[in-house]
Novice: 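Quick one: structure below, then a few questions.
Residues: numbered from 1 along the sequence shown.
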Amino acid sequence: MAGSLPFAFNNSLFHLLEPHGDTNMTKIQTIERFIFDQQPETAHGEFTNLLYDIALVAKLIAHKTNRAGLVDILGQAGDVNIQGEAQQKLDVFADEMIVRICDHTGRLCVMASEEREEIIHIPKKYKKGSYALVFDPLDGSSNIDVNVSIGTVFGIYRCIDWDLRGRIEDVLQPARNLVAAGYVLFGASTMMVYSTGRGVHGFTLDLELGEFLLSHQNMRLPELPAYYSVNWAYYQRWSPGIQAFARWLQDQDDSDAPTLSARYIGSLVSDFHRNLLRGGIFFYPAEADKPNGKIRLLYEAGPLAFLIDQAGGYASDGRESILDIEPTGLHQRTPFFIGNRDLVEKAESFIRQD
Ligand code: AFP
């Protein structure tokens, strides 16, 4: 009975314990347990613990974003709160949390954040680790004020030269070199989805337990896509090839064209997550005055390309795989097409005709 169980083991968990069918019990796995079980026998735990750190920071950001609607009541960003401290913007908060949790653990050699101009060095007083972390602390932040889902994206590389302290070269690696990537979606519920190159796995945060529980094991893109996602308002700015592709997506008369519905949130993690579950394509192409589009290669496109590859899909800049692009700058942008392989390749074929 609930009353006789420890506090944390509350009602929210009971539905997970209900038998499925006659005999099978649902298996409950926390993210910690799952990461640990996936770790190779030879591992020293450095990488495993880095993933735990990210799961911890995800909970902290979730706690803060869940209170975003209270800002009007408790004070605006830029205001001074009751303790005399300035209120922080959520993306700045998320950025600082990630750095604070990860800079002293001895697991990283360097970090790079979408929020900062330069790479983030590990202070000399702390031990240096073997991994480099890239992240977009809170993507889609313009959606916070209207209570629309937002997300954190991250990627983990191995440092190139383990003898040196972190350098820019450690983060300017093609996404094909990622050893892990993932995102945290702050939506109707908070989810952490990640891959270490052995499938894509999703965990949902149980708020009462304070634990991420395995909810989506081995996520695969459905073969039949359901959605296309693009900001249609920019149609006039696209090349003729991209315009033709966008019209093809809508073309009910072309027997080759899939029957898709349109969905666009304007928050990449949310658009990506929905399309991962339902199938489809998200694209943010080049525009006349933005030849590289808007999406950042290092913090958004690369990690999501790694995930979609693991889920059976494909990501391209319209000409080549995102996984193969050698980054030249920390804040480089790229045109971005991601989703079911046949749809992304179709976009490439239209672009070749430009
Ligand atoms: P913000 O962080 O400025 O809201 O940008 C979010 C984003 O980089 C990505 O999450 C969206 O897919 C894309 O921009 C939306 O851009 P548009 O508003 O131009 O469609």
Novice: Do you see a donor-acceptor pair shorter than 3.5 Å between the side chains of Asn275 and Ser229?
Specialist: yes
Novice: Go through the structure and list residues passing side chain to side chain donor-acceptor pair (under 3.5 Å) with Ser149, not counting sequence neighbours.
Specialist: none
Novice: Clusters formed by hydrophobic residues whose side-chain heavy atoms approach within less than 4.5 Å: which one holds Val148, and what are its other members?
Specialist: Val146, Ile265
Novice: Once you measure the plane-to-plane angle for Phe245 and Phe350, does it fall in the parallel (<30°), tilted (30-60°) or perpendicular (>60°) bin?
Specialist: tilted
Novice: Who passes side chain to side chain donor-acceptor pair (under 3.5 Å) against Ser239, sequence neighbours left out?
Specialist: Asp354
Novice: Does the side chain of Phe203 come within less than 4.5 Å of Phe34's, by heavy atoms?
Specialist: yes
Novice: Taking the cut-offs as 6.0 angstrom to the six-membered ring centre and 45 degrees off its axis, would you call Arg274 and Tyr227 a cation-pi pair?
Specialist: yes
Novice: Please check if any side-chain donor atom of Ser349 sits under 3.5 Å from a side-chain acceptor atom of Glu345, or the reverse.
Specialist: no
Novice: If the condition is side chain to side chain donor-acceptor pair (under 3.5 Å), which residues does Glu348 pass it with, not counting sequence neighbours?
Specialist: Tyr314, Ser316
Novice: Quick check: do Trp248 and Pro258 have side-chain heavy atoms less than 4.5 Å from each other?
Specialist: yes
Novice: Could you work out, with side chain to side chain donor-acceptor pair (under 3.5 Å) as the rule, every residue matching Tyr183, not counting sequence neighbours?
Specialist: His273
Novice: Between Arg247 and Tyr235, do the side chains contain a donor N or O and an acceptor N or O under 3.5 Å apart?
Specialist: yes
Novice: Checking Ser113 against Asp95 for the side chain to side chain donor-acceptor pair (under 3.5 Å) test, could you report, in this order, the C-alpha distance in whole Å, the side-chain angles of both residues, the deciding distance, and whether it holds?
Specialist: CA-CA 7 Å; Ser113 163; Asp95 175 77; 2.6 Å; yes
Novice: Not counting sequence neighbours, which residues clear side-chain contact (heavy atoms from CB on, under 4.5 Å) with Ala226? List them please.
Specialist: Arg278
